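Heavy atoms only: backbone and side chains are in, while hydrogens, waters and symmetry mates are out. Since this is a predicted model, take the numbers as computed values, not measurements. Each ligand, and each atom within it, is numbered from 1 in the order the structure gives.
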Amino acid sequence: MAKAQSRYVCQSCGAVVLRWEGQCRTCGEWNTLVETVVREEPRARLAATAPTAGAEPVSLSHAADDTAALRRPVGIGELDRVLGGGLVAGSVVLLGGEPGIGKSTLLLQVAAGIAGAGGDVLYATGEESGGQVRLRAARLGLASGPVGDAVRVVPETGVGRITDLARTSRPALLVVDSVQTVASEELDGPPGSVGQVREATLRLMELAKSDSIPVVLVGHVTKDGTLAGPKTLEHLVDVVLAIEGDRTGGLRLLRAAKNRYGSTEEVGVFEMGERGLVEVADPARAFLAEHDRPAPGSVVAPVLEGSRPLLVEVQALVAPSAAPAPRRTASGVDPNRLALLVAVLGRRAGIGLGSHDVYANLAGGLSVTEPGLDLPLALALASSLRDRPLVPGTVAIGEVGLLGELRPVGGLERRLREAARLGFERAVIPRSRGREPGSVPGIELVEVGSLSDAVRVALLDAPVAAGLRP
Ligand code: TYD
Ligand code: MG
């Protein structure tokens with residue numbers, strides 16, 4: 001057993017230093033260093049987490065392990081898609097999301113899926129009592145029959161006991177809900193501290209690799225979207241999944257932020273309902289809001305989430321500000337892009353928002369970072385300021401440069417086909433230089449070179465008050 005020593009661990013980035021300091025030198029956060037008794041990571045531990053300790057070198061041409069054979073589908077199509085075909089034996093998956101977003105619900109459904117295919121599941125819960133988990137399972141209709149028998153729930157927070165239980169019962173899946181509630185008996189420091197969370201994860205990885213048991217860890221994320229405290233976990237585990245969405249709305253998006261066994265390009269779309277998370281039949285239209293009549297400040301954008309085109313509604317509201325420093329509020333869109341577009345609109349398109357409060361968000365609680373969202377966002381701002389909706393049936397996509405010029409985005413045809421399929425008739429897109437304008441059946445392409453041209457062609461001529469009110 002290694003010596004226990006006192007160290008100071010940054011609760012933000014996991015850096016370890018010998019002496020207390022006010023600011024972490026690694027990540028620059030203040031007052032995040034907490035005294036922790038850490039064991040030096042024993043060498044054996046490191047070796048054990050490698051798939052094969054003390055192995056001989058094998059050439060690349062040697063037949064690889066057949067990961068397809070080691071994959072076990074969880075029986076939820078959208079999740080299997082994000083995982084790249086299923087859970088890989090011996091892999092460790094971290095599922096992150098805000099409290100109440102549906103992590104425990106999803107994992108209970110995963111457990112039931114595995115159980116339904118004949119595997120046993122061990123569900124260790126430190127967040128809720130065993131009774132609460134069973135109650136939820138009953139509500140979801142998963143508590144009875146062979147599935148109910150095959151999923152065993154244990155309210156346990158000691159990582160040593162959890163790994164012991166898993167080693168003796170050898171389940172097809174171990175769920176630990178959540179990693180912030182488990183702790184190692186051999187470490188001081190409260191559960192949830194970086195030292196504990198790291199240690200627990202290492203111990204569970206050791207179990208996963210040595211016994212080929214897939215382990216799914218739940219991790220809570222903080223408001224700014226990072227996994228609380230232990231950023232370091234993301235490097236340790238094999239797969240990092242994130243659920244996002246608007247807790248008050250029903251839609252949930254599942255993404256892989258990291259996947260050692262597949263692409264991080266796939267997203268899954270679910271809806272939270274009475275019977276838990278249900279896969280959405282037509283994800284492309286799921287995030288569109290319904291309006292009775294064209295709404296100023298609303299622009300539909302065909303974005304690409306990985307390889308999947310989704311139509312999202314960008315909403316903006318601008319209103320004269322009473323404050324000396326007007327508000328800029330963004331939700332689901334990058335606040336820096338919003339600030340930049342406000343500046344570009346003012347200087348390059350004659351749409352001054354300097355004395356206006358500006359609010360921007362995406363309908364459905366989605367969050368999108370792709371640059372193609374620039375043009376729809378800028379059009380939404382212009383549309384709100386002028387109180388004119390877009391020409392009905394229009395979508396827009398494109399990146400905006402500092403000079404107010406528009407730049408093309410990748411995967412344009414795929415996006416536009418999807419928009420056409422959902423009944424949109426017109427797309428405002430950046431002009432493609434040196435190329436023949438493409439064509440997509442069913443949708444008219446309006447190619448423009450600058451943001452000011454885009455505003456001109458996209459907005460309806462007459463203000464709403466004049467023409468559109470019934
Ligand atoms: P939960 O899985 O407990 O979230 P997390 O583990 O991420 O904290 O889900 C919590 C929310 O989901 C809760 O507010 C109730 C809601 N919910 C439903 O709407 N339908 C359901 O069938 C279930 C089980 C939960
Ligand atoms: Mg939970």
* E274, CD: over 12 other non-hydrogen atoms inside 6.0 angstrom -> no
* Structure fact -> In short, P376 meets A396 closest at the heavy-atom pair CG-O, 3.4 Å
* Which atom names give the shortest non-hydrogen contact between V9 and V16, and what distance separates them? -> CG2-CG2, 4.3 Å
* D80 side chain vs V74 backbone, donor-acceptor pair below 3.5 Å -> yes
* Show your working on side chain to side chain contact (heavy atoms under 4.5 Å, CB included) between R167 and D211 and close with a plain yes or no. => CA-CA 7 Å; R167 283 208 167 90; D211 292 51; 3.5 Å; yes
* **Sorted by chain and number, the residues that approach ligand 1 to under 4.0 Å with a heavy atom** => E98, P99, G100, I101, G102, K103, S104, T105, R136, R139, L140, M272, G273, E274, R275, G276
* Could you tell me whether R260 atom CZ has more than 12 heavy atoms of other residues or ligands within 6.0 Å of it? => yes
* From E78 CD over to F270 CZ, what is the distance, rounded to the nearest 0.5 angstrom? -> 5.5 Å
* Check: K258 side chain, H235 main-chain N or O, donor-acceptor pair, under 3.5 Å -> yes
* Does a side chain donor of either E21 or Q23 reach within less than 3.5 Å of an acceptor in the other side chain? -> no
* **Atoms (protein N, O or S; no water) under 2.8 Å from the Mg ion (ligand 2)** => 1
